[in-house]
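Atoms within a ligand are numbered from 1 in the order they appear, just like the ligands themselves. Side chains included, hydrogens not; waters and symmetry mates left out as well; all remaining heavy atoms used.
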Amino acid sequence: MDFRLQNSASICRRMKLLCSLWFLLLLGVGSLLLLLDHLPDLQQNSGVPVLVAPRWPVEEAQRSDDVGTGPFLVSPPALLLQPPSVSPFSDPLLGNKQPVTKRHRKLLLKTAAPGGEEASQDPRLRLLKRVCSRYRPVVGKRQVTRQQVSRVYVEDRFRLLYCEVPKAGCSNWKRVLMVLGGRARSMQDIPHDVAHYANHLRRLDGYKFSGIVERLRSYTKVLFVREPFERLVLAFRDKFESPNLYYHPVFGRAIISRYRANATRSALRTGAGVTFREFVQYLLDVRRPVGMDIHWEPVSQLCSPCLLRYHFIGKFESLEEDANLLLRGIGAPANLTFPNFKDRNPQAERTSSRITQKYFSQLNTTERQKVFDFYYMDYLMFNYPKPFSDLH
Ligand SMILES: *[C@@H]1O[C@H](CO)[C@@H](O)[C@H](O)[C@H]1NC(C)=O
Ligand SMILES: *[C@@H]1O[C@H](CO)[C@@H](O)[C@H](O)[C@H]1NC(C)=O
Ligand SMILES: *[C@@H]1O[C@H](CO)[C@@H](O)[C@H](O)[C@H]1NC(C)=O
């Protein structure tokens, strides 16, 4: 009896101790989280040392001897002088559904280089690093996932990783990858569908984890982007304005039945005739009736640029020039140049900013602003100017 009482008293004491320990632990974790949350600010404001390696130090981008950006044109091996590429942190921009806040906009003003278009790699890569380092909330240690590299194509001979962005020259890039890898003799031999479906190319998510990590560490990583609104309009025209056996039944039907009042029976059945406005309503809906699609998914999510740390960012607006610069940089055969033939619908009117404006004029100011917010990270990371002056 005595013994038991004594025992339970001591258990009680121990419990109290345990509870206090728990409390302290929770307190500690809480303040650590708080600290980590504000880490980027702390680093900038008071020079607190980087607690969490390896992430890009905030100041790194300002240094002129910035590894990896400068020596690109010297020789291909110089590309490999990068610090370890696989960040243990997940991409904050992947699946980030938070609205753009005032703070974000203030950061845009600070980060975006004045003067709009930058032609060379250095400023592009520096801007991307700066944006990533400022936006990256520390959410915990996580390795890169297969999903995050599922759009990345592998070319082992020239040690190239290419992240596919639809409507930014990707069919021709797949042709180039096939020729580089010896799977085709020349680009003219590859019909559009073969290039498009890329059956002969391997994607990074198809490798064992060690193979993924090794390639991410040592290969030249490449991304080609395009003005986001233009890419969106082009995707809409391509998938919804001409007959399509996948996008009409799968996306069209869901979009019409959700967003069109009094839809006709035939529209509900075929899914044909989605308007740009309905499409945008779908895009902005947090409870979309059908999922995302790579043709309109922001590049900041499609290619995880903050996580994968690309060495080369090409732009569709200077596609051939950028692509050939890259091909020479990786030591591709001198007679291999980026194809300049257009893929399909050669008669189709080229989607220009004029057409983009026309489509966006179907939206009201609020809707336009929301679409801009949706692609905001792409505008920010790749330094595209605001497409309309009334956006903020
Ligand atoms: C480049 O030249 C080599 C031999 O000089 C030839 O075998 C190859 O097919 C050519 N490639 C292209 C893309 O024309
Ligand atoms: C739908 O049709 C009904 C009956 O024809 C009509 O009363 C209603 O106003 C229509 N609604 C819309 C949103 O067009
Ligand atoms: C714009 O359209 C949306 C519907 O998509 C509507 O809710 C909103 O009130 C409109 N805004 C303005 C400023 O007209």
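- The main-chain N or O of Val149 is never found under 3.5 Å from a side-chain atom of Asp205 such that the two would form a donor-acceptor pair.
- Taking the charged nitrogens against the carboxylate oxygens, Glu227 and Arg231 have no contact shorter than 4.0 Å, which rules out a salt bridge.
- Outside the 6.0 Å centre-distance limit, the rings of Phe236 and Trp296 are not counted as a close aromatic pair.
- Between Arg202 and Asp156 there is no salt bridge, since no side-chain nitrogen of the basic residue lies less than 4.0 Å from a carboxylate oxygen of the acidic one.
- Within 4.0 Å of ligand 3, the residues that place a heavy atom are Arg277, Asn364, Thr366, Glu367, listed by chain and number.
- Side-chain contact, Ser218 with Arg159: a donor N or O sits under 3.5 Å from an acceptor N or O.
- Using a 4.0 Å cut-off between a side-chain N of Lys or Arg and a carboxylate O of Asp or Glu, Asp390 and Arg368 qualify as a salt bridge.
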